[in-house]
Amino acid sequence: MATNNKTVLDSRVPSGSLEEKWENHKFSMNLVNPNNKRKFDVIVVGTGLAGASAAASLGELGYKVKAFTFHDSPRRAHSIAAQGGINAAKNYKNDGDSVYRLFYDTIKGGDYRSREANVHRLAEVSTNIIDQATAQGVPFAREYGGLLDNRSFGGAQVSRTFYARGQTGQQLLLGAYSAMMRQVAAGNVELHTRAELLDVVTKDGQACGIVTRDLLSGEVIAHSAHAVVLATGGYGNVYFLSTNAMMSNVTAAWRAHRRGAFFANPCYTQIHPTCIPASDDFQSKLTLMSESLRNDGRIWVPEAFDDSRPANEIPENERDYYLETRYPAFGNLVPRDVASRNAKNVVDQGHGVGPLKNGVYLDFSAAVGRDGHDAISAKYGNLFDMYESITGENPYEVPMRIYPAIHYTMGGVWVDYNLMTTIPGLYAIGEANFSDHGANRLGASALMQGLADGYFVLPYTIGDGLADQLGEPAVSTDDPVFTNAVNAIEDETAKWLSINGTRSVDYFHRELGRLVWNHIGMSRNKEGLEKAVSEIGALKEEFYNDVRVLGSADTLNLSLEKAGRVSDFFELAELMAHDALKREESCGGHFREEHQTPEGEAQRDDDNFAHVAAWEWNGKEDLQTRHVEKLDFENVTPTQRSYK
Amino acid sequence: MSEVITVNLKIWRQESPEKSGYFEEYTQKITTEASFLEMIDLLNEDLNSQGLEPVAIESDCREGICGTCGVMINGQAHGPRKATTTCQLHMREFSDGDEIVIEPFRAISFPVIRDLVVDRSPFDQIIESGGYISVNTGAASDANLTPVPKEAADQAFDAAACIGCGACVAACPNSAAQLFTSAKLAHMASLPQGQPERWKRTEMMVGTMEEFFGSCTNHGECHEACPKEINLDFIAFMNRDYMKAKVKNRALSGQR
Ligand SMILES: Cc1cc2nc3c(=O)[nH]c(=O)nc-3n(C[C@H](O)[C@H](O)[C@H](O)COP(=O)(O)OP(=O)(O)OC[C@H]3O[C@@H](n4cnc5c(N)ncnc54)[C@H](O)[C@@H]3O)c2cc1C
Ligand code: SF4
Ligand code: FES
């Protein structure tokens, strides 16, 4: 792959001190006056936290918004599944939190691979999100005095996480969804459900619309607008097995990439250490068990290899509490990536537990002995029930089995400070962009970022780009740029139906996931990554020649939908491997075995890699070009993490 | 312990909304570890390899929260297990040789799109007609300016836990949507933030509900089928508010 180390990427970070940048920028941006806003059409694709909040806010401002989701209802977006909570620098607990501390924790948590200015803005607007959501009726947890409750999350030293039982994502999404439906009722937002974006359309280098396929009738339709916003979520399902919802995919972001939007840091993916291990070869997805369980559960594996005795028959002195031994200071509470890698190591060495030998124990017997059954049930009752309903095992009696799984993707479409991609007029928000989490995301920060982007950042910054276009009508959908794009998508759909091979789309997705997990998963090395490149390429060829998609294009056809998504995952997976190969350092979720400290911790190389890698598509046959955006740390000094 | 069982499936197949549907029979071997939807995944894998079109069935989160899944299993919405969505159901609920009849949710306002997939968009229209609190982005004051009694917040949450799956409608002999609608109304009416629009919201949402759905005759089947065990009391709550909304002098309604 060609590498272009010239810094061609202008992040357009405004000048001024860190604290002043966003204020200054808001003041200096072009404004669209209220009466003119209705002259602008804006397309928002995706109605998760980011998309629904953006569509609602843009509608309120007076823009003519068209919102798209491939779900049957906006409320189904994957954001609905977020459990733990949302961070905000309210300092309601008076425990020393501040905008600066949230900024600092996020930069550090991201292993010094994110943009200071963006992260500071995120921390600044975090507090407004809580106000907004509360006013919408989001039933956050409260204390007896009636004020909002907080908890600490993901190793933060302050309690800044707001939550609504174990369903924070659901409640926040219902808030954003209802705000958007209010704009639908007001006629400011036109909602298109069961409509999948299959192409982004540009004219003279400027985004001018999208092409969608109606998932019920199969009709391929062009939509034009003055600006297009992608809020289409993350790409964790490239691994097939992940905690993401089944339909989450990279298609929208990837198709934009193929039209010229650079794709940044694809190798930054996050593993969550406490998921329920797969129970069968045909397992369809993995379920997350809240990280809070590590507060009371002790993690261990049998010392003997391939030990098949039930847990309670393994005596204390034949158990390896490996986190407690290796990290006496943090023990079972080491960060996500450290806990995950250690679990992988012990399982790879042959200490795995469970029928498929693919897990480690998370044992509550000591906690139940110490605090009693009732105390543990009050804290974790729901989670224990959920575990039992999935595995049929009772965690009060036998230790839980857990194993890491892919949970979140930090990489995504490259955006500047305005959240605009390298295609003018095309924006990316929420998990779909690469912006604020660097190489690793802190718990409870994805909800914050999605809503910050949608409620408080994009609605301002989009005006800056639109102001110049005043008086210009949107490109007509009769323009050849649209008709050609529509034809190409119709051809693509027909192609899937005509291959008529022998294997299902899911078969290929599962095989691809296996390769990506084995080689571009929790820990990576040069040899494995090179293998990934060639094996993914070979499997991709087989997919194009041997996939079998039945049925027709003019009714609901779930395999047909998936075929396009899986083909995009193939191309993404190849790029992930190249990105991981080129990043000759370890940072956050990207662990290169060649780059570790003597203690086995991630070893960054700030001299050579304190930058964002953003890839440019050069056509199907050609390698992509790697561009860099240098990261400057003017306010914090990068340090090496240690949890010993 | 996991074991392998064989189940006899009778599945509703229907090519499109216009065509008439029919039951098709299949047998499927499956381990009891598998989830119900993984059992269907396997069936679909087999059908695909035989050149037969897979059964259309929707799901997304597979964790019981998004509300996408939902079919009638042996006549019960979401199947036999209480407080459990279709996606959370596991095959250990079934025994070797069991017959399992799988149909789409049935209700006039939820037309079948294909096989087991139905159109539940009237739910979105109910929300659109008033299921929100009107506050523009940026207009909110500090969240802690308005304390909310914990009990009220908890009740609001209990109501807001609805996942919009439609099982309540499917289970109801009248295809009524009272449980769904009342859950949203109770969520907002429990909170101080929901008061200003309370009466208007109730009238609008109930009006839209009645346009699409049947009327409630207090069977309680909805609650039995509801995976989130939404409380039947919310329906009484809604009915009370609806009566009040109808008789209230709007100009003075601020002085409740
Ligand atoms: C199990 C789980 C628990 C989590 N818990 C937390 C937590 O406690 N705290 C936290 O901060 N984060 C958490 N996260 C992460 C967080 O939920 C997500 O990062 C976030 O919700 C993403 O929001 P989004 O709006 O960017 O995208 P999504 O919610 O994924 O929405 C994507 C939208 O795009 C649409 N879409 C996608 N592609 C297309 C297309 N081609 N055409 C049309 N529409 C399309 C979809 O229909 C959907 O509406 C969790 C994640 C998981 C998996
Ligand atoms: S009330 Fe219950 S059954 Fe009805 S839609 Fe909500 S969660 Fe589903
Ligand atoms: S698939 Fe989400 S609730 Fe069942």
Side-chain angles (χ1 to χ4, degrees), chain A residues 56-57 60 71-73 75-76 78 80-81 92 128 130-132 134-137 139-148 164-165 167 170-171 174 178-179 181-182 184-185 193 216 245-247 279-280 282-285 287 389-390 392 455-456 459 502 504 506 548 550-551 555-556 558-559, chain B residues 2 15-16 31 33-35 37-38 41-42 45 48-49 51 53-54 56 59-63 65-68 84 88 90 92 113-114 117 119-121 123-124 127-129 131-138 140-144 147-150 153 156-157 160-161 164 187-188 191 193-194:
Chain A
S57 307
E60 289 161 9
H71 284 98
D72 68 316
S73 164
R75 65 183 293 156
R76 312 265 186 243
H78 167 58
I80 202 97
Y92 281 162
N128 304 356
I130 302 306
D131 299 338
Q132 186 64 29
T134 304
Q136 288 167 346
F140 283 123
R142 288 179 184 267
E143 297 167 342
Y144 281 98
L147 301 180
L148 293 172
R165 286 192 209 157
Q167 279 134 267
Q170 179 198 27
Q171 296 308 321
L174 292 180
S178 66
M181 292 313 278
R182 174 172 158 246
V184 173
T193 57
L216 300 187
M246 302 289 289
M247 298 204 279
S279 66
D280 291 292
F282 51 84
Q283 180 95 20
S284 56
K285 75 159 286 205
T287 304
S389 96
I390 292 172
Y455 283 133
F456 297 108
T502 62
S504 69
D506 276 346
R548 170 185 274 177
L550 298 168
T555 56
L556 178 70
L558 299 166
S559 335
Chain B
S2 79
E15 237 176 83
S16 67
T31 95
E33 286 278 303
S35 74
L37 291 178
E38 284 165 356
D41 290 345
L42 277 187
E45 203 53 46
N48 200 76
S49 61
E53 271 195 68
S59 70
D60 198 18
C61 72
R62 297 206 176 186
E63 300 190 356
I65 191 73
C66 72
T68 306
T84 302
Q88 293 173 298
H90 279 71
R92 54 185 100 78
I113 292 172
R114 190 188 175 103
V117 179
D119 175 7
R120 288 165 292 192
S121 55
F123 272 9
D124 285 329
I127 300 297
E128 183 187 328
S129 67
Y132 43 75
I133 289 169
S134 299
V135 49
N136 281 2
T137 301
S141 53
D142 186 89
N144 265 352
V148 179
K150 188 172 182 334
F157 184 94
H187 159 207
M188 295 188 162
L191 296 169
Q193 291 84 355

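Computation of the quantities below employed the complete heavy-atom set of this structure, encompassing side-chain atoms and omitting hydrogens, waters and symmetry-equivalent molecules.
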Nearest 0.5 Å, what's the [atom1]-[atom2] distance between [X] and [Y]?
X	Y	atom1	atom2	answer
B:Ser129	A:Met181	OG	CE	9.0 Å
B:Cys66	A:Gln170	SG	CD	10.5 Å
A:Arg75	B:Phe123	CZ	CZ	8.0 Å
B:Ser121	A:Asp72	OG	CG	8.0 Å
A:Tyr455	B:Asn136	OH	CG	11.0 Å
A:Thr555	B:Ile113	OG1	CD1	11.0 Å

Given a strict heavy-atom distance threshold of 4.5 Å, which part of [X] is in contact with chain A: side chain, backbone, both, or neither?
X	answer
B:Thr84	neither
B:Asp41	side chain
B:Thr68	both
B:Glu128	both

Who among [options] has the most heavy-atom pairs with chain B under 4.5 Å?
options	result
A:Arg76, A:His71, A:Gln167	A:Arg76
A:Pro459, A:Ala56, A:Ala164, A:Ser284	A:Ser284
A:Gly551, A:Ser389, A:Ala81, A:Ser73	A:Ser389
A:Met247, A:His78, A:Gln283, A:Gln132	A:Gln132

Heavy-atom pair with the smallest gap, counting every atom of [X] and [Y]:
X	Y	answer
A:Ile390	B:Arg92	O-NH2, 2.6 Å
A:Ser279	B:Glu33	CB-OE1, 3.3 Å
B:Tyr132	A:Ala185	OH-CB, 4.3 Å
B:Thr137	A:Glu60	N-OE1, 2.7 Å
A:Ser178	B:Gly131	CB-O, 3.1 Å
B:Ala56	A:Leu556	CB-CD2, 4.4 Å

Without swapping roles, check the side chain of [X] against the backbone of [Y] for a donor-acceptor pair under 3.5 Å.
X	Y	value
A:Arg142	B:Lys150	no
B:Asn144	A:Leu147	no
B:Asp60	A:Met246	yes

Residue [X] versus chain B: region with a heavy atom under 4.5 Å:
X	answer
A:Leu216	side chain
A:Asp280	side chain
A:Ser559	side chain
A:Tyr92	side chain
A:Gln136	both
A:Glu143	backbone
A:Leu148	both
A:Gln171	side chain
A:Leu558	side chain

> Between the side chains of A:Arg182 and B:Ser134, does any donor sit under 3.5 Å from an acceptor?
Replying inline: yes

If you count heavy-atom pairs within less than 4.5 Å of chain A, which of [options] leads?
options	answer
B:Ser49, B:Ser16, B:Gly194, B:Pro149	B:Ser49
B:Ser59, B:Pro54, B:Ser35, B:Gly51	B:Gly51
B:Gln88, B:Arg114, B:Glu15	B:Arg114
B:Ile133, B:Asp124, B:Asp119	B:Asp124

> Less than 4.0 Å between a side-chain N and a carboxylate O, is that true for A:Lys285 and B:Glu63?
Replying inline: yes

